[in-house]
Each structure stands twice: as C-alpha cells, then as structure tokens.
Amino acid sequence: MSQRKVIGDAGRATIRDVAERAGVSVASVSRVLSGNYPVSEELRRRVMKVVHDLDYVTNAHARSLAGGGTPTVAILINNITGAAFAHVAKGVEGAATLRGWLSLVGTTGDDPERELALVNLMRQQGVAAVVLLGGAYDFEEYQLRMARFARSLDAAGSQLVLVGRPPLEGDVPATTVDYDNESGAYAMASHLLSAGHRRVLILPGPAGLTTAQGRLHGVRRAFEAYGVPFDRGLVRHGPYDDEHGYAAVEAALHDTPDFTAVLAGTDVVAAGSLRALRAAGLRVPDDVSLVGYDDIPLASQLTPQLTTVHVPYEEMGRVALRAVADRREGTGPGGRRKGGGDGEHLVLGTHVVVRDSVRPPRR
C-alpha cells in the first residue's frame with residue numbers, strides 16, 4: 001500500500017511537493033500545468049502522475065493575489081434566500097463581473113462559529129477579499145477572533161469588508177460599508193408617533209444582533225424625543241422571518257392587546273405580522289397600523305402596501321466591491337466616512353417610504 005507524505009500547509013500539496021516527488025524543477029512543473037510551453041511527453045506523464053497521486057490543485061487564488069490571475073471575492077451571507085442581503089450580494093457580484101472578477105457565495109446559517117470558520121477558510125484559500133453581509137454578534141470572543149482574521153487577511157494582501165454591521169473595535173484593517181440603521185428606525189418610530197400612536201408593538205430582531213440593537217436604540221430615541229413613555233413589555237425579540245412576526249403578534253394580542261401599531265424589524269417580519277392581524281379579524285391600517293424596515297420588493301406587493309424604511313442594499317454591495325478594487329489599485333474609496341481604526345467606514349443614508357399601512361389610531 002502506498003504511503004502519502006504529509007505535505008504543504010494543513011496537508012495540502014504544494015507545487016514544490018510535486019516537483020520534489022517527480023524529481024524535476026518547480027519551473028518544469030509550472031510549464032506542464034500551464035500548458036503554454038512545449039514539454040516532452042515523458043515529463044508531462046511523470047508530473048501529471050504525481051499531481052494525481054498528491055491530489056494537487058493549482059492555487060488560482062494565490063496567483064490572483066500576486067496579480068497573475070482572476071481576483072475572487074468571497075461573499076458570506078446568513079441566509080441566501082433572505083431578500084435584503086441577497087440584494088447586497090447582487091450588488092457585489094454585479095460590480096465584480098464588470099471588472100472580470102469571480103464571486104463565491106457561502107452561507108453562515110446565523111451561526112457565529114460557522115461564520116468565523118468560513119472567514120478562516122477563505123483566508124486559507126487566498127481570496128482577494130471576504131465580504132461579510134448582515135449584523136454582527138455582540139460578544140467579545142467573536143470580535144477578537146474576527147479582528148485577528150482581518151489582520152491575517154491584510155498581511156496576505158487580502159482584506160475583510162463588513163457590510164451592514166458596525167466596524168470592529170480598535171485599529172483593525174477592515175473596510176466597513178454600513179447604512180444609517182439607527183436613524184432609519186428613529187424616523188420610522190417618529191412617523192408612527194406623529195400619527196398619534198403611543199402603544200407600539202416593536203419587533204426589532206434577534207436580541208444579540210447589532211442590527212436589531214441599532215433599530216431598537218433608534219426607536220427608543222424617538223419615544224424620548226416625543227416625551228412618550230417606552231414600554232419594554234411591547235418589545236418582542238426574535239428572528240427576521242415571517243413566522244416570528246406571526247407568533248409575536250398573536251402572543252401580543254393575548255397579553256397586551258391595547259397596541260395600535262406594529263413596528264416590524266424587517267418587511268418579512270411585517271408580512272407575518274399582517275397575517276396574524278388578519279387571522280384575529282383586525283384590518284390594517286383601519287384597526288392597527290403596520291410598518292417594516294428594508295423596502296424590499298415584498299413591501300409594495302402586500303395589501304395594503306407597506307410603509308417602510310428604504311435601505312440601499314444593492315448600492316452597498318457595489319460600494320463594497322469598489323472599496324476592494326480601490327485598495328488593490330492604490331486609490332481611496334469615496335463617500336461619507338467615519339473614523340474606524342486602520343479601516344475605512346462608509347455610511348449610506350436611509351429614508352422612510354410612506355405607503356398605505358399607517359393611519360391615526362382608532363382603537
């Protein structure tokens with residue numbers, strides 16, 4: 001039985017391992033693999049046999065970092081079917097395609113450990129950049145490990161790009177492309193309060209996610225500005241899906257049925273809330289007003305059409321890719337900036353889109 005030699009980094013064969021096993025120079029192996037130089041049939045057979053035995057794969061990503069291949073961008077997203085950040089991925093991929101770059105998409109499944117593992121894997125693969133989409137997890141160990149990966153990517157000529165989440169703390173070489181999340185929630189809550197609503201059921205999202213925390217902070221600031229008492233009993237945390245919207249509204253109608261409006265953390269949560277209100281025989285907006293956040297196509301497809309916060313998701317993706325390209329080309333990204341250590345922090349604006357789902361309270 002043949003014995004395999006322990007080779008390369010983490011057990012992966014390198015071109016030097018192939019050359020050593022075949023008894024030829026690294027240059028000869030390179031000529032055989034590239035197919036651009038005339039080589040003898042005997043040399044080709046010898047090299048290709050070793051390539052097969054060692055399961056050697058040419059590291060195209062490493063060549064791209066050295067400027068000799070097609071740059072590849074890894075897009076890591078919580079849920080590939082989620083409408084909001086699918087638009088960010090579309091923006092990244094479209095801008096990459098215009099430059100002739102490749103895009104890879106991986107899903108984290110809302111698991112911080114899986115997200116960290118994928119970032120580390122992409123670092124090992126030598127991609128030009130890792131683009132992380134969506135809110136971050138607000139605990140110290142996660143932040144520290146992500147900062148280490150950002151420095152490791154930077155040392156390898158790659159970079160970490162955070163989209164739709166706060167920058168990492170300290171002097172961390174990561175680019176952040178964010179949107180004015182808290183101000184969007186402040187504007188939406190202000191819209192409800194100015195219409196006369198005082199008892200608002202708030203579904204901000206998962207408690208540990210920075211996105212949800214920012215939206216809840218914005219809502220609380222609006223209540224403070226209007227001098228309206230804020231009832232934490234009307235805050236229901238949960239995932240950004242329609243099942244949570246339905247279950248949260250159904251439970252609130254049983255526990256605290258005096259609310260006159262629902263402020264959902266996403267348009268998808270708002271859709272679930274709408275189903276629960278209708279199941280209880282309540283009309284939107286005649287009996288209960290309803291608002292969302294994101295302004296995905298679903299918002300204008302609901303009946304009534306949903307008042308929501310517009311987030312420029314696709315533009316965020318394009319800006320993220322431009323930031324990667326600018327750094328590789330030695331030019332600085334544009335846009336409004338904030339301080340953020342060694343990294344760039346670009347912030348895009350949000351605004352309320354008024355449609356048909358809000359009226360002054362009648363209940």
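Everything numeric here is computed off the predicted structure, so don't read it as measured data. Note that these values count all heavy atoms, side chains included, but never hydrogens, waters or copies made by symmetry.
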With side-chain contact (heavy atoms from CB on, under 4.5 Å) as the criterion, how do E250 and R275 come out once you've worked through the C-alpha distance, each side chain's angles and the decisive distance to 0.1 Å? CA-CA 10 Å; E250 185 179 48; R275 288 195 297 113; over 6 Å; no

* Using atom types as modelled and distance alone, determine if a side-chain donor or acceptor of Y186 lies under 3.5 Å from a backbone N or O of R215. => no

Self-check item: Linked, directly or transitively: L160 and L144 (ILVMFWY side chains, under 4.5 Å)
Solution: no

Inset, instruction - May I ask you to test the N78-F85 pair for a side-chain heavy-atom distance under 4.5 Å? - result: no

The reported gap from CG in L263 to CD1 in I202 (rounded to nearest 0.5 angstrom) is 6.5 Å

Side-chain donor-acceptor contact under 3.5 Å, T14 with D17 | yes

The reported gap from CZ in R114 to CG in L118 (rounded to nearest 0.5 angstrom) is 4.5 Å

Item checked: Sidechain N-carboxylate O distance under 4.0 Å for E113, R145 -> yes

| message | If we ignore hydrogens and angles and just use 3.5 Å, is the side chain of S194 paired with the main-chain N or O of S190 as donor and acceptor? | response | yes

| query | Would a hydrophobic clustering, with Ile, Leu, Val, Met, Phe, Trp and Tyr connected at side-chain separations under 4.5 Å, put F230 with V200? | reply | yes

Quiz item: Do the side chain of H197 and the main chain of R359 share a donor and acceptor less than 3.5 angstrom apart?
Solution: yes

Closest non-hydrogen contact found for R236 with A251 is NH1-CB, 3.8 Å

I'd like to know if the side chain of H310 and the backbone of T350 have a donor-acceptor N/O pair within less than 3.5 Å. no

T72 and V127 have their tightest heavy-atom pair at O-CB, 3.5 Å

Only one of V47, L43, V18 passes side chain to side chain contact (heavy atoms under 4.5 Å, CB included) with S28, and that residue is L43

**Study point:** Sub-4.5 Å side-chain heavy-atom contact between V311 and M316
**Key:** yes

Residues R283 and D286 bridged, charged N to O under 4.0 Å:
yes

On a heavy-atom basis, the closest approach of L162 and P167 is CD1-CA, 4.3 Å

E42 bridged to R46 by N-O distance under 4.0 Å:
yes

All heavy atoms of A320 vs all of V177, minimum pair found to be CA-CG2, 3.8 Å

One should read off an interatomic distance between S183 OG and H351 NE2, to the nearest 0.5 angstrom, of 14.0 Å

Q) So, the side chain of R355 versus the backbone of L306: is there a donor-acceptor pair under 3.5 Å, distance only? A) yes

field: Minimum side-chain heavy-atom gap F149-L116 below 4.5 Å
entry: yes

- prompt: Do Q159 side-chain atoms and V130 backbone N/O form a donor-acceptor pair below 3.5 Å?
  reply: no

Would a distance-only check, ignoring hydrogens and angles, find a side-chain to backbone donor-acceptor pair under 3.5 Å from R165 to G134? yes

#### Entry: Heavy-atom side-chain proximity of P304 to V284 below 4.5 angstrom
yes

**Asked** Between T175 and R327, is a side-chain contact (heavy atoms from CB on, under 4.5 Å) present by the stated rule, with each step listed?
**Response** CA-CA 10 Å; T175 299; R327 178 174 171 182; 5.6 Å; no

- Candidate pair M188 and T307, rule side-chain contact (heavy atoms from CB on, under 4.5 Å), full reasoning: CA-CA 9 Å; M188 182 53 77; T307 293; 3.8 Å; yes

Could you check whether atom CZ of R99 has more than 12 heavy atoms from other residues, nucleotides or ligands sitting under 6.0 Å from it? yes

Does some side-chain heavy atom of Y240 sit less than 4.5 Å from a side-chain heavy atom of P206?
yes

Output for pair (T308 OG1, I296 CD1), nearest 0.5 Å, gives 8.0 Å

(Q) Given 3.5 Å as the limit, does a donor-acceptor pair link the side chain of D267 with the main chain of Y293, or not? (A) yes

When rounded to the nearest 0.5 Å, the distance separating CZ of R318 from NZ of K90 is 8.5 Å

In terms of hydrophobic clustering (I, L, V, M, F, W, Y; side-chain heavy atoms under 4.5 Å; direct or indirect links), are L98 and W101 co-clustered?
-> no

Among the clusters formed by ILVMFWY side chains lying less than 4.5 Å apart, do L274 and Y246 turn up in the same one? no

Output for pair (L348 CG, D178 CG), nearest 0.5 Å, gives 9.0 Å

message: I'd like to know if E315 pairs up with R322 as an ion pair, taking the criterion as any Lys NZ or Arg NE/NH1/NH2 lying under 4.0 Å from an Asp or Glu carboxylate oxygen.
response: yes

Compare all side-chain heavy atoms of V288 with those of L290 and state whether any distance is below 4.5 angstrom.
no

For G292 and A270 the tightest heavy-atom approach is CA-CB, 4.2 Å

Evaluation steps, side-chain contact (heavy atoms from CB on, under 4.5 Å), between L282 and L253:
CA-CA 10 Å; L282 297 172; L253 286 170; 3.7 Å; yes

Q.
Can you confirm whether T211 sits close enough to Y179 that some side-chain heavy atom of one is under 4.5 Å from a side-chain heavy atom of the other?
A. yes

(message) Less than 4.5 Å apart, side chain to side chain, heavy atoms only: is that true for Q143 and E169?
(response) no

Check your understanding: Between E41 and R44, is there a salt bridge with N-O shorter than 4.0 Å?
Key -> yes

query: Given the rule that I, L, V, M, F, W and Y join up when any side-chain heavy atoms are under 4.5 Å apart, are Y313 and V352 in one cluster?
result: yes

When every non-hydrogen atom of A84 is compared with those of D294, the smallest separation belongs to CB-OD2, 3.8 Å

